[in-house]
Structures are given as C-alpha cells and as structure tokens.
Protein chains: 2
Amino acid sequence: MEKAKRPPRGTRKRDVPLTEAGIYAAALQLIDADGVEALTMRKLATVLDANPMSLYHHVPNKDALLRGVARMVGAQFRTVTLEDSPWQERIRLLATDFRTLAHRHPKLMAYSFGQPDFIQSEDPFWAALTATLDSAGVPHAEVPQIAAVMCAVVIGVLTAELNGALHQWSNLTPPAPAARENRPPDTDAGPDGDRMFRLVLDTIITGLESRLTADRDGQRAGQ
Amino acid sequence: MEKAKRPPRGTRKRDVPLTEAGIYAAALQLIDADGVEALTMRKLATVLDANPMSLYHHVPNKDALLRGVARMVGAQFRTVTLEDSPWQERIRLLATDFRTLAHRHPKLMAYSFGQPDFIQSEDPFWAALTATLDSAGVPHAEVPQIAAVMCAVVIGVLTAELNGALHQWSNLTPPAPAARENRPPDTDAGPDGDRMFRLVLDTIITGLESRLTADRDGQRAGQ
DNA sequence: ACCTGAACACCGTTCAAGT
DNA sequence: ACCTGAACACCGTTCAAGT
C-alpha cells in the first residue's frame, strides 16, 4: 500500500511546490481555454492540485494574479528594433507584432486591452513607438499624444477583431434576418481581419504623413 | 398606529409596482454611480425596495438586464440626419454624437463598447453611417467593412478616453516615477480628450478621402 | 516558510409556496 | 399575475491552526 496517494499516471500535476511562475502559467492555460471571466482561484487551485488558500502565499489576490499573467505575456513582446528602416515600416512592424501577440492569447489580451496600465513607460514597445514617431519628425511635445491615440486606435481594432465585432459588423448591412444566429465568436483570424487591419494601418500612416508635410509646409513653405 | 410601515419621509422608493422600465432606470442610476461591475441583483432590489427575486418576474436574468439598459440608453441616440451636408461633415457629426452619448453614461458605455452586438442592423446610427459612406462614393461592396473599422476605431479611442488610458499614456514619456500615483480615473473630459478625438477623426477622414480619390484616379485617370 | 480547513460575506438563480 | 423565503451552488478572502 506504500503511500497509495498518487493516482495511476500523470493525472497529478504537482509533485513540485507551488511557484509564482507556475501559478501564472497554469492561470494562462485556463484563460486561453475559457477566458478571463471563467478563471477562478478555486479552479486554478484544483488544476494545480493545491488548496485554494495555498495560492495566497504566492500571489496577494486575484487582481494581482491577472496583472502578473498579463505582465508575463507582455514580456514576450520584444519587438525587433529595425533601426534603419523608414518610420512607416517600423510603425507597421510594431503594429503587426502587437497583433501577433493578440492572436496568440486572444482571451487574455481582450482583457488586458481594457486595463489602462497595460502600457507602461518602461515597455520597450512604448519606447520603440515614441522613438519612431520622433524620428518621423513629429514635434517632440506631440509625440506622447500621437502615440497614445495610435495605441487606442490599434487596440480598438484588435479588440473588435478578437471579440468578433469586426466580423459581425462587416456582415450587417443586408437585413439578413434568417442568417445563422449566434455563430461562435469566430476569432476572425481569416483574411478579413488581415485586410481590415492593414486598411486601418494604411489610413493612419497616410494621415500622419499628410499631417507632417502640412506642418512643414506651414513652417517653411515647401520641402 | 395605522399601517406604520412607511418610513418617515421619501426614503421609500416604491409605492408603485415594479416595471421593466423602472428596473432599467434604477439599474442605470446604479451603473452611472458605481460602474457595471458593482451592479448586483440584490443591490438593485434594495434600491427598488423589493425582494431580489421579484426582479426575475420582469427580467429573465442579469445579462438581459444589462442588455436592456444598454438598449434603452442607445435608443436616446437619435442622430440628426443632416441630409444635405458633405459626407465629411456628416461623419464628424455622427462621431461626436457618439462621443456625447459616451460622456453621458461613461460607465455603461465602457461596458457596452465591449459587446459585439452593441451595434445592430436596425440601428439608425448604422443606417446613417453606411448611407453616408455610400454617398461619399465608397464602393458598395466595401461599405460595411469600412463602416465596421470606423466604428472599431472610434470605439477604441472613446474606450481609452473613458477609462483614462488616453490621458495616462499621453503623460507617459517622462519617466516621472514620483508623480502622483493612482489618480482617479479622470474621465479626460478636458480639452485633451477633445483635441485627440478630433485628431483621430481628421486622420481617418483624410485617409478615406485619399483612398477615394486614389480609386477614382485608378479607374478613369483624373477627376 | 509553507500549507490547510473552517468560516465569512458575498454572488446569481431555482423552486415551492404564498397572495 | 405577482411576489417571497429558503436554499443551492458558487465566489474571493480572512484567520487561526497545523507542519
């Protein structure tokens, strides 16, 4: 009978002590599978084969847990700096990297996008974005505002893509009352999403370009 | 002692029977005050001076309650059609009307913006937007997609404005470690929000214009 | 230091019973 | 028809106690 506690085969996750990182990793799995709103301290403990209260020895509370998971995933987002390309190219790369990350963990990112502290001063992403706008010739004083609205725009489009709104709205105009209802969220990873994301990107880059040349024309008439 | 039930003065809300509309109105008050996440069937019942379970006779569940409140508020959003203005002006009006609504019930709208069914085919807003794009000369087949991304962009910026992200990000670049932390969400109703919203609006309208003239030039070289 | 069981103060919702 | 109390199946979290 010796011990007799361990179930037959690998059904037991934890022969290993609890870790902050381990908790985050397990939480991320649950979130990827069922979404942030389905994550529960108690479910998470079950998955980790631990007592729910044990988690509180490694994480202060559920909110900190979510922030921790978000920070962990965000850290994967090291963008290639691509120092010697034109600013348009660099912005495009930043945005598509962002989108790639969003597609890798859609449920988590749909939540993270709603948190104002999702972007921090220290983020290499923010540094890269502001540096790029700077090198594009955006007046220093305006760089943070322009960067902020660009983030808001990109996050808005990604959110709408992730929760299916973009897809749903695109198929709206025909009354289509008998169309199949409540189709699954339909991550919209297809070519539609790609096209529409590029459309937005092109538009804001074009808009920025024309704004910059207008500024220059205003200052020294030409060039 | 006759009756002896009624408290001294107007502290009692309900001498009147429960109504679906009354429930929505009370729920909206609670949401405006404390946000959607703080709304509880039990708190709502208390405010209405009713038993929590009584609500379920007028509303199937909490989800339907929230949708009902959102629909009720969205119905206020009757946009002036402004039939004889240039499409740029009409789009601008649609967007600023949208923003006005968002500022009137920020907590509710921050929630509603996340719901993919927030915009429906029957909405006069959607009809006005698609009609405007149509009159601007957007190819019929592209109208829904363009309308969808425009909604996503505007909602993205409004969401970031409402939850304070726009404001926070704008003040990011200086490391500013000792700055006051956790200032209140700071609805960002000030001139900052106005400016940044107009900036986005100008940019997408400019982008759309250049896209349209490019299409025309491609088709018939000129005009 | 790390873990745990019991308990507290909440939720949304079901159901059988009251008027 | 409308309302209600009790109860169920959950939450996050505190706390005192175990090793």
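Convention: sequence-line order gives letters A, B, ...; per-chain numbering from 1. Computed from a prediction, not measured in an experiment: that's the story for all the values here.
Here D:dT13 presents its P atom at 12 Å from CG of A:Leu44, a figure rounded to the nearest Å. With rounding to whole Å, B:Asn61 atom CG is found 8 Å from C:dT14 atom P. In this entry the distance linking CG of B:Leu48 with P of D:dT4 reads 12 Å, nearest Å. Protein atom CE of B:Met53 is 13 Å distant from nucleotide atom P of C:dC15, rounded to whole Å. Spacing between atom CD of B:Glu37 and atom P of C:dC10 amounts to 17 Å, rounded to whole angstrom units. Note: CG (B:Leu55) to P (C:dG12) measures 10 Å, nearest angstrom. Rounded to whole Å, atom P of D:dC15 lies 17 Å from atom CG of A:Asn51. With rounding to whole Å, B:Leu39 atom CG is found 10 Å from C:dC11 atom P.
Here the side chain of B:Lys62 is nearest to one of C:dG12, C:dG5, D:dA6, namely C:dG12. The side chain of B:Arg42 has D:dA7 as its nearest neighbour among D:dC3, D:dT13, D:dA7. Of all nucleotides listed (C:dT4, D:dC3, C:dA7), D:dC3 comes nearest to the side chain of B:Leu18.
Salt-bridge formation is detected for the pair A:Asp194/A:Arg99: a Lys NZ or Arg NE/NH1/NH2 atom is positioned less than 4.0 Å from an Asp or Glu carboxylate oxygen.
Taking the six-membered ring for Trp and the full ring otherwise, the centers of B:Phe98 and B:Phe113 sit less than 6.0 Å from each other.
A:Met41 comes within contact range of the sugar-phosphate backbone alone, with a heavy-atom separation under 4.0 Å but no base atom that close.
Of the N and O atoms on the side chains of A:His167 and A:Glu161, not one donor lies less than 3.5 Å from an acceptor on the other residue.
The partner of D:dC8 is C:dG12, by the rule that a Watson-Crick or G-U pair needs both atom distances under 3.5 Å. With a cut-off of 3.5 Å on both Watson-Crick or G-U wobble distances, the partner of C:dC3 is given as none.
Put simply, B:His58 has no side-chain N or O that comes within less than 4.0 Å of OP1 or OP2 on D:dA1. Within the 4.0 Å cut-off from OP1 or OP2 of D:dT4, at least one side-chain nitrogen or oxygen of B:Ser54 is found. In terms of phosphate contacts, A:Thr40 brings a side-chain nitrogen or oxygen within less than 4.0 Å of OP1 or OP2 of D:dC11.
Ring pair A:Trp126/B:Trp169 is tilted by interplanar angle, where 30° to 60° counts as tilted.
Place B:Lys43 and B:His57 on DNA chain C by their nearest nucleotides, and B:Lys43 ends up nearer the 5' end.
Closest of all the heavy-atom pairs between B:Val143 and B:Leu133 is O-CD1, 3.9 Å.
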